[in-house]
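FYI, the numbering just counts along the sequence from 1. Remember, it's a predicted structure, so these values are computed and weren't measured experimentally.
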Amino acid sequence: MERVRYHHSTCIPGGPYGDSVLRDQFACVRHPTPRHTDPTASQEGWRTRQVFPVGARVARLTGSRCLRWLRPTVPKEVNFLETGSTQGRNQRHRSIGFSAGVIFVATLFSRLSGFLREVVMAAFFGTSAAYDAWLMASVLPNLLFSSINGAITVSMIPIMTEADTNYSPGSGQRFINEVFTAVVLVALILIAVGEIFTPILVQLIAPGFHGHELELAIGMTRIMLPTILFWGLGGLVVGILQEQEAYLAPALSPVAINMVRITTIIVFGHFWGIQGVAYGFLLAVLSQLFVTLPALRRHGFHLRFRWHLRHPLLKKLLRMSGPFFITSSVGALGLIVDRILASNLVTGSIAALQYSYVLVQIPVGLLISSLATPIYTRLAQHHSHRDPETFRALSLKGFRLVLMAIVPITIWFIVLREPLLRLLYQRGAFNNHSTDISAGTLLYFSLGLPASAIAFYLQRLFFATQDTSSPARFSVLTIIFNIVGDIVLVRVLKVDGLALATALAGWVNAVLLTAKSLRPQRGQNLRLRRTIFALLAGGSGTAAAAYAIRAAIHLNHTTGVLPLAGGLTLAMAVSGLVFIVILRLLRYPEVAELARQLRLRLARRVRPS
């Protein structure tokens, strides 16, 4: 299903938005084969008599015959799974593995810099009341409105795919300009309302704050509210680039944010304390645009104001963005509720939740996101091209890869949580007490880590088919379950109960998404039981190996950076090897495929020239 080039223009006037169905140079036709083809024609530059679906409808309505005789040049057939599609404005011959590798490397730098940011914050502010105030002040501009960023990014990919398929490049650019205008207008309105009602909003989300702590939270919220605009624009630009399969700049933009934040924490935090960190956050979110906007221009797109907000795709985007926002904000809303309830607990409870939550989100943001992002783009293309068999095969393969990646990491977080926290955080203001209260929250957050990975992947599977209502319904149920669980468990387990409620709610979401999306068709065997059995066996072996090494070298009582790093590396390496061996013995498909590819590469290297 390729873009077909025509060597002369058309006489048919525009469609519903002022576009001709077949444009002067390019017709965005996505039918895999012509309906009427001259069998004697050659492969290159053949002359054909064909009527494409859209053109046929217009010809019938207008009585025109100018669609009948065309001279296209057809490129060679492309294997979508191996080399990528040539859909869109540029031909893109990149495999999913290559794209995932690019995202992984860039995201690795992003996550490392993000974790370094948390280490610097821990060293400067620990689990103090000032840091609790910062975390509550960042609820609206950071947690909630960064979900708007994610919703715009995810919703733009299938919409841009549709624009590539059914609209001209000029119409696609007008659509982007209208989205840009709408984002700016909505963001400015939200900023103005937020600045006016900041005291009321902060008192609602931090009922346990009083006096100086409350004043700090109000002041920092007002400083950071303008980031709403930068988050929205960042989401728009990243969505366009990802649809173009340009993953490097979007993956590097968080690196820019984190590096600016680290610098401003050290410099501004030293001179102006925690309020300096708020100003640094504002500059950091702005800095992402300096990374992504040049990449956008290189792909031929420009952001300009367009006040004629009537593009049909804009209306579709608005309809889709609401459910997208609900779905993408589940984690943020759950964390907001956790912080609201934790504001009534002992000092440091909010900080403990933050440090643990950041840690468990690293594998989701690093591994799962790197894997799911190129698969999501490819799935949207297969759905647009009506290729259900390839869509289903790729979605199942991605599901198995996600589970294979997340299970050993979950085991490590559970078994090795205390030495891990001491190695990563315990320095400066982060003391033994901070490690103790963070270890409990890390344990319970880790129980929901596989659910977070499954939900992250399966939500994008729904989004690729433009089904936004199902994930939105499941997200509402998840939020309700999370709030009820928080209220019940916080009375029993205090701050640990908040983390456990979040984990249980994540499993509710994951089960609902799995039951809906991976329902087998008639006569089809998805072999999910075999997959789950293999992962349970591998996870049990991983846990036994990690626990045995932890006990043998007394890792829970080890101190010092080098001894802790060496012990953790040994425990993870040995237990990870056990996991791979067990999956290989049980013939887990992706492990067998990886082994086959390694054998082929080794054979090529040792083959005599």
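Annotation: Phe180 is not in aromatic contact with Phe301 [ring centroid separation under 6.0 Å not met].
A heavy-atom distance below 4.5 Å is found between the side chains of Trp507 and Pro450. The shortest distance between side-chain heavy atoms of Met259 and Phe109 does not fall below 4.5 Å. At least one side-chain heavy atom of Ile409 sits under 4.5 Å from a side-chain heavy atom of Leu367. Side-chain contact between Met121 and Val277: present, with at least one pair of heavy atoms (C-beta onward) separated by less than 4.5 Å. In this structure, the side chains of Tyr425 and Tyr355 come closer than 4.5 Å at one or more pairs of heavy atoms. Residues Leu477 and Leu512 have side chains in contact (heavy-atom distance under 4.5 Å, counting atoms from C-beta outward). Put simply, the side chain of Ile176 reaches to within 4.5 Å of the side chain of Gln173, judged on heavy atoms. Side-chain contact between Leu293 and Arg297: present, with at least one pair of heavy atoms (C-beta onward) separated by less than 4.5 Å.
Distance CG/Leu513 to CZ/Arg473: 11.0 Å, rounded to 0.5 Å. Going from atom CG of Asp467 over to atom NZ of Lys516 covers 6.5 Å, rounded to the nearest 0.5 Å. Between the CG atom of Asn344 and the CZ atom of Arg339 there is a distance of 15.0 Å, given to the nearest 0.5 Å. To the nearest 0.5 Å, the span separating CD on Glu195 from OG1 on Thr221 amounts to 9.5 Å. Here the OG atom belonging to Ser253 is positioned 9.5 Å from the CG atom belonging to Asn258, to the nearest 0.5 angstrom. One distance of note links CG of Leu112 with CZ of Arg117; it measures 12.0 Å at 0.5 Å rounding.
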- Show the numbers, then the answer: is there a side chain to side chain contact (heavy atoms under 4.5 Å, CB included) between Leu461 and Phe391? CA-CA 9 Å; Leu461 192 151; Phe391 182 95; 4.2 Å; yes
- Task: Given side chain to side chain contact (heavy atoms under 4.5 Å, CB included), test Met160 with Phe175 step by step and report yes or no.
- Result: CA-CA 9 Å; Met160 284 295 298; Phe175 162 66; 4.0 Å; yes
- Could you walk me through whether Phe230 and Leu282 pass the side chain to side chain contact (heavy atoms under 4.5 Å, CB included) check? CA-CA 9 Å; Phe230 307 142; Leu282 178 65; 3.9 Å; yes
- Would Leu313 and Leu317 satisfy side chain to side chain contact (heavy atoms under 4.5 Å, CB included), going step by step from the backbone distance to the final call? CA-CA 6 Å; Leu313 290 182; Leu317 178 68; over 6 Å; no
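Minimum heavy-atom separation, Leu442 to Leu359: CD2-CD2, 3.8 Å. Smallest separation of non-hydrogen atoms from Tyr131 and Ala351: CD2-CB, 3.6 Å. Between Phe445 and Leu353, the shortest heavy-atom contact is CE1-O, 3.7 Å. Heavy-atom minimum distance, Ile262 versus Ser113: CD1-O, 3.4 Å. Closest approach of Ile406 and Pro363 over heavy atoms only: CD1-CB, 4.0 Å. Minimum heavy-atom separation, Val360 to Leu449: O-CD1, 3.1 Å.
Ring-plane geometry between Tyr457 and Phe399 is classed as tilted, the angle between the planes lying from 30 to 60 degrees on a 0 to 90 degree scale. Aromatic ring orientation, Phe268 versus Trp272: perpendicular (interplanar angle above 60°, classes split at 30° and 60°).
When the side chain to side chain contact (heavy atoms under 4.5 Å, CB included) test is applied to Val183, the partners found at least two apart in sequence or on another chain are Ile152, Val179, Leu233.
Under a 3.5 Å cut-off, the side chain of Ser356 and the backbone N or O of Ser438 do form a donor-acceptor pair. In this structure, the side chain of Ser171 does not engage the main chain of Ser168 through any donor-acceptor pair within 3.5 Å.
Of the options Arg310, Arg306, Lys315, Lys316, a salt bridge (charged side-chain N to carboxylate O under 4.0 Å, His left out) to Glu178 is made by Arg306 and by none of the others.
Cation-pi geometry between Arg460 and Phe456 is met: the NZ or CZ atom falls under 6.0 Å from the ring centre, inside 45° of the normal.
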Identify all side-chain donor-acceptor contacts of residues 199-210 below 3.5 Å with residues at least two apart in sequence or on another chain.
none

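More than 12 heavy atoms of other shown residues, nucleotides or ligands fall within 6.0 angstrom of atom NE2 in His302.
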